[in-house]
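We count ligands from 1, going down the list as the structure has it; atoms in each ligand are counted the same way.
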Amino acid sequence: MQRIKKRSWAEPYKIKMVEPLRMLSRREREQAIREAGYNTFLLRSEDVYIDLLTDSGTSAMSDRQWAGLMLGDEAYAGSRNFYHLEETVRNVYGYKYLVPTHQGRAAEHLISKILIKPGDYIPGNMYFTTTKLHQELAGGKFVDVIIDEAHDPESEHPFKGNVDLDKLQALIDRVGADKIPYIAIATTVNMAGGQPISLENLRAVRELTAKYGIQIVHDMTRVAENAYMIQQNEPGYADKTVAEIVKEINSLTDHATMSAKKDALVNIGGFLATNDPDVFEQARNLVVVYEGLHTYGGLAGRDMEAMAIGIKESVMDEHQKARVGQVHYLGKMLLDAGIPVVKPIGTHGVFLDAKRFYPHLPQDKFPAQTLAAELYVDSGVRAMERGIVSAGRNPETGDHNYPKLELVRLTIPRRVYTQAHMDVVAESVIEVYEQAGKAKGLKMVFEPKYLRFFQARFEKL
Ligand code: F0G
């Protein structure tokens, strides 16, 4: 009998430089979170032990990327790093035209301004906070057309990022295709728990939208992670590389916005990419108003160099295997311990289901906000609310939006923490779960007008 060899995933790199962490006492943490208004966004990073607030801009760069910084050509116009980035976006992603921006939301701002007219409808596979706000600021109205399973944390559908074609068709029938300039497709879907869309579904979306002249704007922030999940779980893709799948996804879309702070392994950067020369011309003109000249878009030359290198690293199979492998390692520990988390485990973090954590807390006592604060007090682990606070208010009625998903995101930065850190995180979540009955919830005492989750303040009930 042949022995079956089992090989774990392991990081395809070794560590060259370290950054010491500090751990406060429990009493100090209680004071820090009180002073932060029970909002983890308002904590000082120095007061955090393991920072799982976000995977955005928090990656560790490779030695190649750091070396790339030294090649920064800081010319105002026509920096060689821009041309390297442009060539990389063409070769790796397949989009023809590139407009760099300082980060993702700046690209969302540009594309929303260019494509949306007041009164338009923008369907999407669930909302993202900044994406939806820019659609609204341009006069559009976001319509959720994701499959119902995406709103159910217990559904194990492998592609919860899929579009429900009947919902999309119903919207087209109701408002007319001329009121729908584009559909926004995110790879992966952040707010659903980092859930991928399948190529089969995207192809069907392409077919339906093409029939009506509706374009596809691709939020490709985590496209390589989405591609990895397709490789793992979609029939017919096991032998394709992540790089090949990324290109295939992109080829089914017209324009793309990118927050390079995620997949692309840089601390700052983004872009708008398109295959349409007219949209490119308009974006190139608008970017000089809001960001900077069209060959730097708010970035230093060195940032564009690091991004070009990061993009190439991000589509390597072994990188994604370890990246997603680490997220799933944490997810499995929590699932095995019976912790309510969003299933299946997504690609950039593990999402705790605060409704099931705190069944005694109604949503307007901010269960996810409460859970993120409790977790910080327990262990210095910083997580992020992704529930009613993030969902904001309905611009027409002024009431809270009450999302079905009330989640706390344990977001894993790329190439930063070890398996031992994940063990500590799991132990702390389990501890907080055991104490869940004691939580009383929060009340909001300060609420900013836009994207309130970033700066809102709370007091304990
Ligand atoms: N789209 C998605 C899917 C995102 O996750 C983000 C950012 C953006 C767009 C906006 O990009 O931050 O570069 O302006 N998400 C971060 C997060 C903030 O923590 O999930 P940005």
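- A salt bridge is defined here as a Lys NZ or Arg NE, NH1 or NH2 lying under 4.0 Å from an Asp or Glu carboxylate O, and Asp47 with Arg22 meets this definition.
- Of the N or O atoms in Thr188, none lie within a sub-3.5 Å distance of an N or O in ligand 1.
- With atom 20 (O) of ligand 1 as the reference point, the heavy atom nearest to it among Lys262, Arg409, Met384 is part of Arg409.
- For ligand 1, the atoms sitting less than 4.0 Å from at least one non-hydrogen atom of Lys261 are 13 (O), numbered in the order shown with element in parentheses.
- Looking only at protein heavy atoms, the nearest one to atom 9 (C) of ligand 1 is Glu108 OE2, 3.0 Å.
- Both the backbone and the side chain of Arg105 come within 4.0 Å of ligand 1, judged by heavy-atom distances.
- Here the protein heavy atom with the shortest distance to atom 8 (C) of ligand 1 is Phe128 CE2, 3.4 Å.
- His348 pairs with exactly one of Asn190, Thr411, Thr54, Thr221 by the side-chain hydrogen bond (donor to acceptor under 3.5 Å, both in side chains) rule, that one being Asn190.
- Less than 4.0 angstrom separates some heavy atom of Gly104 from each of these atoms of ligand 1: 11 (O), 13 (O), 14 (O), 21 (P).
- Atoms of ligand 1 lying under 4.0 Å from at least one heavy atom of Thr54, given by number and element, are 17 (C), 19 (O).
- Regarding atom 13 (O) of ligand 1, its nearest protein heavy-atom neighbour is Ser259 OG, 2.6 Å.
- One finds no salt bridge joining Arg203 and Glu207 here, because no Lys/Arg side-chain nitrogen approaches an Asp/Glu carboxylate oxygen to under 4.0 Å.
- By the 30° and 60° cut-offs, the orientation of the rings of Phe41 relative to Phe454 is perpendicular.
- Of all protein heavy atoms, the one lying nearest to atom 1 (N) of ligand 1 is Asp219 OD2, 2.6 Å.
- Atoms of ligand 1 found under 4.0 Å from any heavy atom of Thr130 (numbered from 1 in listed order, with element): 8 (C), 10 (C).
- Salt bridge Glu225/Arg323: present, at least one basic N to carboxylate O contact under 4.0 Å.
- Closest to atom 21 (P) of ligand 1, if we only count protein heavy atoms, is Gln103 NE2, 3.4 Å.
- With rounding to the nearest 0.5 angstrom, the CE atom of Met384 is 9.5 Å from the CG atom of Asp51.
- To the nearest 0.5 Å, the span separating OG1 on Thr241 from CD on Gln231 amounts to 7.5 Å.
- For Lys365, the NZ atom counts as loosely surrounded, since its 6.0 Å shell holds 12 or fewer non-hydrogen atoms of other residues, nucleotides or ligands.
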